[in-house]
Amino acid sequence: MINLPRGTQDILPGESEKWQFIEQKFIELCHTYNYKEVRTPIFEHTELFQRGVGDTTDIVQREMYTFEDRGGRSITLRPEGTASVTRAFVQHKLHGSANQPQKLFYIGPMFRYERPQQGRMRQFVQFGVEALGSSDPAIDAEVISLAMSFYRSLGLKSLRLVLNSLGDQESRQKHRTALINHFKPYQAELCSDCQLRLEQNPLRVLDCKKDRDHIAMQNAPKILDYLNEESAQYFEQVKQYLAVMGVDYVVDPNLVRGLDYYNHTAFEIMSDAEGFGAITTLTGGGRYNGLVEDLGGPSTPGIGFAFSAERLLMALAAEGIDLPIDQALDCYLIAIGKDAERKSVELTHQLRSEGVQADKDYLSRKMKGQLKAADRQKAKFVIILGDQELEQEAAIIKNMGTGAQEVVKFDQLIRYIKQSL
RNA sequence: GCGGUCGUGGUGAAGUGGUUAACACAUCGGAUUGUGGUUCCGACAUGCGUGGGUUCGAUCCCCAUCGACCGCCCCA
């Protein structure tokens, strides 16, 4: 037997309806906010992620599915969506479109080579939003509120929106220098990861779990203290707009996003639900004003977020929320005998042509077995055909909820069913 | 990349170095010659993740491998 590859999953009937539901909900909400769907390839040139996501990130250093295709090109299965969307934005010159900012969303699988565990798959589905072309803090707030609205609309309660600002280039640079100066004397005492981080991406030292209690952490330079006037004001306005919309948040000066391209607004949405396991982050997002330019486009601001469908479904389960999924079948046709079988094929087809959901037996079961099958399918109505009924040009229609049944002529049957549903 | 627990039928599971691998649910058949969700009876693993090894003999012991779950790192 061949099983599926590690870290992947099959989504079978019973579960797939939930996926359809959340996808549909997300598409509807994006429509309400006037975001349009963009579909990009599942694989890209490796260089896109090296430049877009950043060479120092874990994603690029150890998690990418990279291979050489038959033409000798280095190809990578996309580990996230922002780089691809931005690439498409630049390639198709969407910065020249009359519609600005470009408000885009996507749904699709992402790939990261990691040890699978709860809430972490090698192939997982991300829903994401990107708004390119505006540096109005109101759009930061809009993007954040879209994510929160989505979760709220599904009934999630145990949510925590965590907010921070990483500042602009100048602020980040000053903070970076301060961090290096601050930690340098302690470098030997820090964990091996942090020793490396100090060289490559000192911001992430703040995020370290191992060195959390080190004395140097207590009075480490906070990015919020290094924001220049403009960055500080920007952050203030984002917070004000969130307040205007009634979106609650907490500021966490140690919130650092893992990818290199972030600046200014950074946020995460976490779940506080019991039994959610070690993973608490549902959504990560932020502003990336330099990315479009890094990828060869004109200087263009951008902000976005992404969340995984798997973690969303986990959060729903953790809060005991059942999605409203209709499993019932409209009608099931039962035939006894060859002639009735032929008639049931015809009637099933007619019902379907009229848009009535219909199914029938294909295992030559006896009446009892066919009724059981109808019952298992949660059929609302059963249409029974036998020799007696054929003689009368009629069928028995049985309401499976009440058990009541009556004989209906063939030429009235479809109308009868449609009225009863 | 590191650590821990585990792997028996469609499902949940019991079990032992030695002839027929419990039990329950589900499924199928029958009691009920044309009526479901109840009841009763019957059927249902040449097989115990995979590959080696030890042994007269292994599902049970050993090794390897694959996989699952959980945690770390990191992240969605």
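In what follows, every chain begins at residue 1, and chains take the letters A, B, ... in the order their sequences are listed. Heavy atoms only: backbone and side chains are in, while hydrogens, waters and symmetry mates are out. The structure displayed is predicted, hence computed values, not measured ones.
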Asker: Could you check whether any side-chain N or O of Glu319(A) sits under 3.5 Å from a backbone N or O of Lys157(A), counting only pairs where one atom can act as donor and the other as acceptor?
Answerer: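 It does hold such a pair.
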
Asker: Does anything in residues 331-345 of chain A form a salt bridge (Lys or Arg N to Asp or Glu O under 4.0 Å)? List the pairs, not counting sequence neighbours.
Answerer: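 Matches after skipping sequence neighbours: Glu341(A)-Lys360(A), Lys343(A)-Glu346(A).
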
Asker: Determine whether the aromatic ring centres of Phe105(A) and Tyr33(A) lie less than 6.0 Å apart.
Answerer: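 Ring centres of Tyr33(A) and Phe105(A) not closer than 6.0 Å.
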
Asker: Tell me, please, which residues at least two apart from Glu15(A) pass side chain to side chain donor-acceptor pair (under 3.5 Å).
Answerer: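 With sequence neighbours excluded, Glu15(A) shows a side chain to side chain donor-acceptor pair (under 3.5 Å) to Lys18(A), given in chain and number order.
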
Asker: Pick the C1' atom in C73(B) and in C48(B), then give their distance to the nearest Å.
Answerer: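 Approximately 36 Å lies between the C1' atom of C73(B) and that of C48(B).
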
Asker: Look only at the side chain of Asp330(A) and the backbone of Ala358(A), and say whether a donor-acceptor pair between them is shorter than 3.5 Å.
Answerer: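 Answer holds: no.
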
Asker: G29(B) phosphate, OP1 or OP2: any side-chain N/O from Arg365(A) under 4.0 angstrom?
Answerer: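 Answer is no, no contact under 4.0 Å.
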
Asker: Distances under 3.5 Å only, N/O to N/O: pair up the protein atoms with those of nucleotides 37-40 of chain B.
Answerer:
unit_1	atom_1	unit_2	atom_2	d
G37(B)	O4'	Asp375(A)	OD2	3.2

Asker: Look at the side chain of Gln405(A) against the base of U35(B) and say whether a donor-acceptor pair falls under 3.5 Å; ignore hydrogens and angles.
Answerer: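 Check passes, donor-acceptor contact within cut-off.
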
Asker: So what does Gly119(A) hit on the nucleic acid, given a heavy-atom distance under 4.0 Å: a base, only sugar-phosphate, or nothing?
Answerer: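 Since a base atom lies under 4.0 Å of Gly119(A), the category is base.
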
Asker: When we call it a touch if two heavy atoms are under 4.0 Å apart, what does Ile384(A) touch: a base, just sugar-phosphate, or nothing?
Answerer: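 Result for Ile384(A) = base.
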
Asker: If we take the P atom in both C70(B) and U65(B), what is their distance in whole Å?
Answerer: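 Approximately 23 Å lies between the P atom of C70(B) and that of U65(B).
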
Asker: Quiz question: going by heavy-atom distance under 3.5 Å, is there a donor-acceptor pair between the base of A76(B) and the side chain of Glu268(A)?
Answerer: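 No, the side chain and the base share no sub-3.5 Å donor-acceptor pair.
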
